[in-house]
Amino acid sequence: MQNEKMIQAVNDQVNKELFSAYFYLAMQAYFSSLNLDGFANYFRVQVQEERDHALGFFNYLNKIGGKVTFAEIQKPQSEFSSPQEVFELALKHEQFVTQSIYSLMNIAREIQDHTTEIFLQWYITEQAEEEENMGRVLNKLKLIKGDGAGLFMIDSELAQRIYTPAVIPGVII
Ligand SMILES: [Fe+2]
């Protein structure tokens, strides 16, 4: 029988991942409205990844005998002042999600739930990559200081991002 605290924390994480998808969809909409299609593509892929993350936790919760209780998904910020602001917010959000997954890991360790520890390992690695990716684009945006030609170069680069379905050990999404 799984610990109630663990089940609750995994349940809450489903909501956080769905919020992430919603937040990044707002960012996709912002870039689409500016005709920055590469940036919009970057967030389109990000939204799909967040949905995968949510489904990963959702299916894991079912697997360990819990049932997802859905909560309201918070309204995301949808007005942004610049592409740089978007990436500052996205990086900050990923750092928040990383802390949340660390908390899940701490609970798993506290109750010696090794199965959940192994499951969470994928997410820990994924979060490091997410922060790295957001940070890399943010640094480029800082370098170009709003220069139009630089922005179009980054836009072309981000147009190349392709969605690959997540393969999360132990769950089928
Ligand atoms: Fe995520």
Side-chain angles (χ1 to χ4, degrees), residues 2 5-32 38-64 66-78 80 83-109 113 115-141 158 160-173:
Q2 291 285 325
K5 200 171 153 191
M6 189 80 257
I7 287 177
Q8 187 58 50
V10 172
N11 189 81
D12 291 347
Q13 194 63 34
V14 174
N15 187 276
K16 287 176 188 165
E17 300 291 347
L18 289 174
F19 171 75
S20 300
Y22 208 23
F23 195 18
Y24 293 140
L25 198 56
M27 294 176 178
Q28 180 187 339
Y30 166 74
F31 285 116
S32 288
F39 280 93
N41 174 64
Y42 181 90
F43 282 102
R44 185 185 61 84
V45 173
Q46 193 64 34
V47 168
Q48 288 172 307
E49 288 196 359
E50 296 306 338
R51 181 205 55 194
D52 286 355
H53 298 167
L55 289 174
F57 282 111
F58 174 88
N59 290 336
Y60 186 71
L61 193 68
N62 286 328
K63 204 173 140 169
I64 63 175
K67 182 179 173 293
V68 172
T69 309
F70 290 103
E72 276 181 40
I73 301 169
Q74 192 193 323
K75 182 183 172 184
Q77 176 178 340
S78 55
F80 308 99
Q84 185 173 324
E85 191 205 5
V86 172
F87 276 86
E88 275 162 2
L89 290 167
L91 177 60
K92 210 171 128 199
H93 182 65
E94 285 307 322
Q95 288 163 344
F96 161 76
V97 173
T98 300
Q99 287 309 313
S100 181
I101 289 169
Y102 284 178
S103 302
L104 289 181
M105 185 61 108
N106 290 342
I107 296 168
R109 288 192 172 158
D113 179 354
T115 310
T116 302
E117 266 193 53
I118 292 165
F119 167 72
L120 289 172
Q121 192 61 55
W122 184 90
Y123 282 90
I124 302 255
T125 309
E126 176 72 6
Q127 279 312 118
E129 279 174 24
E130 300 277 49
E131 286 190 29
E132 195 189 329
N133 290 340
M134 295 293 184
R136 193 181 293 130
V137 181
L138 177 59
N139 284 339
K140 285 179 183 172
L141 287 168
L158 299 185
Q160 308 302 316
R161 188 177 186 193
I162 294 166
Y163 166 67
T164 315
V167 181
I168 307 172
V171 290
I172 297 159
I173 56 170

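Counting starts at 1 for both ligands and their atoms, in listed order. All of these numbers come straight from a predicted model, not from anything done at the bench.
Ring geometry for His93 against Phe23 counts as perpendicular: the plane angle is over 60°, on a 0 to 90° scale with 30° as the lower cut.
For CZ of Phe80, the number of neighbouring non-hydrogen atoms (other residues, nucleotides, ligands) closer than 6.0 Å is greater than 12.
Aromatic pair Tyr123/Phe57: centroids less than 6.0 angstrom apart.
The distance cut-off of 2.8 Å around the Fe ion (ligand 1) captures these protein N, O or S atoms, sorted by chain and number: Glu17 OE1, Glu50 OE1, His53 ND1.
Side chain of Asn59 to main chain of Val171: no donor-acceptor pair is present (N/O by atom type, distance under 3.5 Å, no hydrogens or angles).
The pair Lys92-Glu88 does not meet the salt-bridge criterion, since no charged nitrogen lies less than 4.0 angstrom from a carboxylate oxygen.
Tested against Phe19, the residues Lys75, Gln74, Glu72 include a single side-chain contact (heavy atoms from CB on, under 4.5 Å) partner, Gln74.
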